[in-house]
Number of protein chains: 2
Amino acid sequence: MLQVSRKFEYGLHAVTYLATKGQGRVVTVKEMADDIGFSQEFLSKAMQSLKRAGIASSVQGVKGGYTLGRATTEITVADIALAIEGKPHLVRCGVKAESCEVFSSCHHRGYMGTLQHKIQDLLEDTTIYSLLQQIVP
Amino acid sequence: MLQVSRKFEYGLHAVTYLATKGQGRVVTVKEMADDIGFSQEFLSKAMQSLKRAGIASSVQGVKGGYTLGRATTEITVADIALAIEGKPHLVRCGVKAESCEVFSSCHHRGYMGTLQHKIQDLLEDTTIYSLLQQIVP
DNA sequence: CAGAGCAGGACTGAATTTGTCCTGCTTAAT
DNA sequence: ATTAAGCAGGACAAATTCAGTCCTGCTCTG
């Protein structure tokens, strides 16, 4: 259906939320979930993915929570997509060649590959910083 | 996962297959399925979608089958995607505003909208004709 | 040492995708 | 006129993926 996953939507919202809170501020998942209006449990999963990718960093224990792991100019939408959905594969043969019945005779692999690359470029072109500029002009 | 559906892959293969067979030639689903290596039943579904969109046209009865509905220069990858997957909705709120918990306060709708538009443009830029050129230089 | 909060594995239910089956309609050929 | 090839399309079944929950453990502050 060429649709982004819900977890990605959660993640993107979370990152912009953290960005508006400022760099130093540590925010709990509960606060974010309540404020934004998401399920706390599920948002937590998204945050864990973002943390593993270095996009967010976490503070353990009481008074713990999440902060952005780096500057908003250094986080692109592509980073978030990669952190949450893993490497993109527009077509199945990108994941597993065996999953394609016509792999050896396929005419479209080249095109689909460059298409995916172009989409990737679009995502890399947007940093969280520039995204926030668009929101609050 | 931002992946194209299998039915779309079937459809794209079918269209290029028909294109290489030449305009007039009527081809049965069975022939295509055997030649390409797809399930006949499922490919048939894809063809029906393509037909409804005018991309393919069908001939009923014995000696029936499918042909391309118009010139390869007049069929884009976007046309095939639309025929088979329907209108694209990168995010859920495009389908149903209610499916988004934060619709009213959402910061990303604008960006996701233009992103979707750009992807759409990429798909519209490729005609079957140009796709075939890439394959057989 | 109690409790807030992150980490992450396991599991469940829902939704979507993929694929099959069956019945009916159209038409060329006999 | 009858037969069989082939499209049309609804209904259904299986498989996969996604979304969301639950639970247990670990870490740190007060």
Side-chain angles (χ1 to χ4, degrees), chain A residues 1-11 13-14 18 25-34 37-67 69 81 83-86 88-89 91-92 95-96 99-101, chain B residues 1-11 13-14 18 25-34 37-67 69 81 83-86 88-89 91-92 95-96 99-101:
Chain A
M1 209 198 274
L2 210 57
Q3 192 178 45
V4 113
S5 76
R6 197 167 194 74
K7 202 168 161 189
F8 169 82
E9 291 182 18
Y10 273 49
H13 271 98
L18 286 178
R25 176 78 188 288
V26 174
V27 185
T28 70
V29 169
K30 178 164 169 36
E31 182 183 341
M32 297 173 72
D34 286 352
F38 283 158
S39 143
Q40 182 177 338
E41 299 276 5
F42 195 49
L43 176 58
S44 164
K45 293 296 181 192
M47 293 313 299
Q48 288 174 27
S49 300
L50 292 175
K51 193 225 154 172
R52 270 178 234 121
I55 295 170
S57 61
S58 68
V59 176
Q60 294 275 8
V62 182
K63 296 284 171 184
Y66 288 96
T67 327
I84 289 183
E85 315 210 317
H89 295 291
V91 286
R92 286 166 171 63
V95 191
K96 272 181 105 180
S99 69
C100 181
E101 306 87 341
Chain B
M1 209 199 277
L2 208 56
Q3 192 179 46
V4 113
S5 76
R6 198 167 193 75
K7 202 168 160 189
F8 169 82
E9 292 183 18
Y10 273 50
H13 271 98
L18 286 177
R25 175 78 188 288
V26 175
V27 185
T28 70
V29 169
K30 177 166 171 30
E31 181 183 341
M32 297 174 71
D34 286 352
F38 283 158
S39 141
Q40 181 176 339
E41 299 277 3
F42 196 50
L43 176 58
S44 164
K45 295 296 182 192
M47 292 314 299
Q48 288 174 25
S49 299
L50 292 174
K51 193 224 154 173
R52 272 178 231 120
I55 295 169
S57 63
S58 68
V59 177
Q60 293 275 9
V62 182
K63 297 283 170 186
Y66 289 97
T67 328
I84 289 184
E85 315 211 318
H89 295 291
V91 286
R92 287 166 170 62
V95 191
K96 274 181 105 179
S99 69
C100 181
E101 304 88 340

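On a predicted model such as this, the values are computed, not experimentally measured, just so you know. Chain letters run A, B, ... following the sequence lines, proteins first, then strands; residues in each count from 1.
Note that CD1 of A/Ile84 is 7.5 Å distant from CD1 of A/Ile55, once rounded to the nearest 0.5 Å. Within the model, atoms CD of A/Gln40 and OG1 of A/Thr28 stand 7.5 Å from one another, a figure rounded to the nearest 0.5 Å. Rounded to the nearest 0.5 angstrom, B/Lys45 NZ and B/Leu50 CG are separated by 13.5 Å.
Ranked by how close their nearest DNA chain D nucleotide is to the 5' end, B/Leu2 and A/Val59 are led by B/Leu2.
Under the salt bridge (Lys or Arg N to Asp or Glu O under 4.0 Å) criterion, B/Lys30 pairs with B/Asp34, sequence neighbours left out. Under the salt bridge (Lys or Arg N to Asp or Glu O under 4.0 Å) criterion, A/Glu101 pairs with B/Arg6, not counting sequence neighbours. The side-chain hydrogen bond (donor to acceptor under 3.5 Å, both in side chains) search around B/Ser5 returns B/Glu85, not counting sequence neighbours. A/Val95 is linked by a side-chain contact (heavy atoms from CB on, under 4.5 Å) to A/His89, B/Gln3, counting only residues two or more places apart in sequence or in another chain. With sequence neighbours excluded, the residues forming a side-chain contact (heavy atoms from CB on, under 4.5 Å) with A/Val59 are A/Val26, listed by chain and number.
Nucleotides of DNA chain D lying under 4.0 Å from heavy atoms of chain B occupy a range whose first and last members, 5' to 3', are D/dA4 to D/dA19.
Among pairs with a residue in residues 52-65 of chain B, none fulfils side-chain hydrogen bond (donor to acceptor under 3.5 Å, both in side chains), at least two apart in sequence or across chains. Applying the ring pair (Phe, Tyr, Trp, His ring centres under 6.0 Å) test to pairs two or more places apart or on separate chains, those with a residue in residues 38-62 of chain A are A/Tyr10-A/Phe38, A/Tyr10-A/Phe42, A/His13-A/Phe38.
Contacts between residues 47-55 of chain A and DNA chain C, counted as heavy-atom distances below 4.0 Å, involve A/Gln48, A/Lys51, A/Arg52.
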Problem set entry | Derivation and outcome, side-chain contact (heavy atoms from CB on, under 4.5 Å), residues A/Thr67 and A/Val27 | CA-CA 7 Å; A/Thr67 327; A/Val27 185; over 6 Å; no
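The nearest pair of heavy atoms linking B/Ala56 to B/Tyr66 is CB-CD2, 4.2 Å. Contact record, A/Ser39 with A/Ala33: C-CB, 4.3 Å, taken as the closest heavy-atom pair. Across every non-hydrogen atom of B/Ser49 and B/Ala83, the tightest pair is CB-O, 3.7 Å.
Between its opening and closing five pairs, the helix from C/dC1-D/dG30 to C/dT30-D/dA1 changes axis direction by 0°, a value rounded to 10 degrees.
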Tabulate protein N/O versus nucleotide N/O from nucleotides 27-29 of chain C, keeping only pairs under 3.5 Å, one per line.
{"unit_1": "C/dT27", "atom_1": "O2", "unit_2": "B/Val62", "atom_2": "N", "d": "3.4"}

Exercise. Tell me, for nucleotides 13-19 of chain C in 5' to 3' order, what letter each nucleotide earns: B for a base near a protein heavy atom under 4.0 Å, S for only sugar-phosphate near one, - for neither?
Worked result: ---SSSB
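Proximity of A/Ser44 to A/Val29: side-chain heavy atoms (C-beta onward) are separated by under 4.5 Å at one or more points.
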